[in-house]
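Reminder, nothing fancy here: chain letters follow the sequence lines and each chain counts from 1. Everything numeric in this text was worked out from a predicted model, so none of it was measured. Scope of the values below: all heavy atoms of this structure, side chains included, with no hydrogens, waters or symmetry mates.
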There are 2 protein chains.
Amino acid sequence: MAPGAVGKSEAKTTVSPAAVRDAALTLFAERGYHGTALSQIAAELKIRTPSLYNHMRAKQDLLRDIVADTTEQVWADYEEAVEGVDDVAERLRNATRVYALRHATHRREALVVNRDIASLEEPARGNVLELRRRHAQAFRGLIEEAGGVDRESATLAAFGILEMCVSIARWFREDGPLTAEEVAAKYSEYALRIAGLA
Amino acid sequence: MAPGAVGKSEAKTTVSPAAVRDAALTLFAERGYHGTALSQIAAELKIRTPSLYNHMRAKQDLLRDIVADTTEQVWADYEEAVEGVDDVAERLRNATRVYALRHATHRREALVVNRDIASLEEPARGNVLELRRRHAQAFRGLIEEAGGVDRESATLAAFGILEMCVSIARWFREDGPLTAEEVAAKYSEYALRIAGLA
DNA sequence: CCTACCGATCGGTAGG
DNA sequence: CCTACCGATCGGTAGG
């Protein structure tokens, strides 16, 4: 490499794997996985489509990483939220609060997870569904244990609470009248009411 | 037409516009609009792709009809549910009940409306969003009028209630432990709790 | 209802 | 990071 021979080799690395993933996240959230072309992701980053392959392996991998990471973080949030909390109503409040909070602070991720799971190939899809099932079961367990509603209703209440939180990703705005924390506090209060504890 | 000359002309009309729409509805609900190819709809009906055009004009028209009709029916449900009901809590209960009920009895339509609205072209998209906004505003109005929560929370509660109902389309099973009517009754009870009326 | 076919675009590769 | 290019598939049309 002769010094100063080619100026081109110096102005590089404007794009990174993280930047590709972020652009994909924005577009998948807006138009869905199948509604987004790699050419659109490339255009967002101001490069040509084939150049994307310096930062990723396949379009499907982008979806898999987004969905798998998000689902794992949701479960980690849950475990941390209930850890060491004795009162079961308080565990339910905390678990709902962090779930609601994540849907306000990570709107794009939530939209993709809830919209494009069908576009995810196996085995990733199975793994994600299993982890989601575990999360929903944990909620149902909390509601049952709290004893505010009968056993049949606990499943119904769990779904209602979880999906109500998911919906936050659809309407929450950072510049809106309420902060993410305020919305999360309200919704965890709604959760207690649905579970017959308030 | 000589009698008995060609047997072919008798065994026709197995496929109709309604059949095409129904097949599209099932596949759009499963894989999304962009995730569904016309060739898959044709295969479902056991015909070739070009034959679809005897029963429709374009793929986009299938989506528009499904989404527009469903949204109009949701609004009609709402108007009928509150008509002539004096007590505002009872209006909220009825409005929630019919909304929840529709999401249990018309799962495919609900999934498509809530997932593929971004794939809908103008002006249909704008019309649908306007009607949905009117429906959400009406709910917020009921909650405000009922006076169980402060004005700020009414918007939050309205979103929570509506999206909780929408979620029914994602988990309800006809052969499950509860009927559509039972689920709708439960969820309209949750709505009153969220609105601070129970 | 079909076969034959259209231009456009898709995700991805070769080879620098 | 690019140009050039690949086979496959898309929605849709022509013409019976």
Side-chain angles (χ1 to χ4, degrees), chain A residues 1-2 5-25 27-28 30-67 112 116 118-121 124, chain B residues 1 5-25 27-28 30-67 112 116 118-122 124:
Chain A
M1 292 192 234
V6 271
K8 262 188 170 183
S9 62
E10 279 152 16
K12 60 186 170 184
T13 55
T14 49
V15 172
S16 64
V20 171
R21 178 173 159 157
D22 191 71
L25 184 52
L27 290 172
F28 288 173
E30 265 175 25
R31 318 164 186 203
Y33 178 74
H34 286 302
T36 303
L38 288 180
S39 61
Q40 296 172 318
I41 297 175
E44 193 93 345
L45 297 165
K46 296 187 166 74
I47 60 175
R48 306 289 173 183
T49 307
S51 303
L52 287 174
Y53 288 84
N54 292 311
H55 309 289
M56 61 165 220
R57 295 226 320 241
K59 188 190 182 191
Q60 175 72 207
D61 287 18
L62 292 173
L63 179 64
R64 178 175 39 69
D65 289 351
I66 290 167
V67 175
V112 173
D116 289 316
S119 303
L120 195 62
E121 293 170 5
Chain B
M1 291 195 239
V6 272
K8 263 189 169 180
S9 64
E10 280 152 14
K12 61 186 172 187
T13 54
T14 49
V15 173
S16 64
V20 171
R21 178 174 158 154
D22 191 72
L25 184 52
L27 291 172
F28 290 173
E30 265 175 26
R31 317 162 186 205
Y33 178 74
H34 285 303
T36 303
L38 288 180
S39 62
Q40 297 172 318
I41 297 176
E44 193 93 344
L45 298 165
K46 296 188 165 74
I47 59 175
R48 306 288 174 183
T49 307
S51 304
L52 287 174
Y53 288 85
N54 292 311
H55 309 290
M56 59 165 223
R57 293 226 321 243
K59 188 190 180 189
Q60 175 73 207
D61 287 19
L62 292 173
L63 180 64
R64 178 176 38 68
D65 289 352
I66 290 167
V67 174
V112 173
D116 289 315
S119 303
L120 196 61
E121 291 169 8
E122 297 296 355

Practice problem: Under the side-chain contact (heavy atoms from CB on, under 4.5 Å) rule, collect the residues that match up with B:A37, sequence neighbours excluded. | Solution: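 If we apply the side-chain contact (heavy atoms from CB on, under 4.5 Å) test to B:A37, skipping adjacent residues, the hits are B:S39, B:Q40.
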Quiz item: Which residues pass the side-chain contact (heavy atoms from CB on, under 4.5 Å) test with B:A43, sequence neighbours left out?
Solution: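 So B:A43 forms no side-chain contact (heavy atoms from CB on, under 4.5 Å) with any residue.
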Quiz item: Should B:D116 and B:I66 count as side-chain neighbours, where that means a heavy-atom distance under 4.5 Å?
Solution: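 The answer is no; the side chains never approach within 4.5 Å.
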Self-check item: Those residues that, when tested against A:Q60, pass side-chain hydrogen bond (donor to acceptor under 3.5 Å, both in side chains) (two or more places apart)
Solution: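 side-chain hydrogen bond (donor to acceptor under 3.5 Å, both in side chains) check on A:Q60 returns A:Y33.
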Quiz item: Excluding sequence neighbours, so at least two apart, what forms side-chain hydrogen bond (donor to acceptor under 3.5 Å, both in side chains) with A:D22?
Solution: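 A:R108.
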Quiz item: Is the backbone N or O of A:G32 less than 3.5 Å from a side-chain atom of A:T36, with the two atoms forming a donor-acceptor pair by type?
Solution: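 Side chain of A:T36 to backbone of A:G32: a pair is present.
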Quiz item: Which range-with-range stems can be found for DNA chain C when each stem has 3 or more Watson-Crick or G-U pairs in a row and both distances sit under 3.5 Å?
Solution: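 Looking at DNA chain C, the stems formed by three or more consecutive pairs are C:1-16 with D:1-16.
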Self-check item: Nucleic acid footprint by protein, nucleotides 11-16 of chain C - heavy-atom cut-off 4.0 Å, B for base, S for sugar-phosphate alone
Solution: SBB---
Quiz item: Quick one: A:L45 CG to D:dC1 P, roughly how many Å, whole number?
Solution: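 Between P of D:dC1 and CG of A:L45: 9 Å.
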Quiz item: Is there a side-chain polar atom (N or O) of B:R48 under 4.0 Å from OP1 or OP2 of C:dT3?
Solution: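 True: B:R48 side-chain N/O within range (under 4.0 Å) of C:dT3 OP1/OP2.
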Self-check item: Sequence neighbours excluded, every pair satisfying ring pair (Phe, Tyr, Trp, His ring centres under 6.0 Å) that has a member inside residues 42-67 of chain A
Solution: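 Every pair satisfying ring pair (Phe, Tyr, Trp, His ring centres under 6.0 Å) with a residue in residues 42-67 of chain A: there are none.
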Quiz item: Which pairs count as salt bridge (charged side-chain N to carboxylate O under 4.0 Å, His left out) when at least one residue sits in residues 42-65 of chain B, sequence neighbours excluded?
Solution: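 The answer is B:D61-B:R64.
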Quiz item: Using a cut-off of 4.0 Å on non-hydrogen atoms, how would the nucleic acid contact of A:H55 be classed: base, sugar-phosphate, or nothing?
Solution: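 Counting heavy atoms under 4.0 Å across all strands, the contact made by A:H55 is with sugar-phosphate only.
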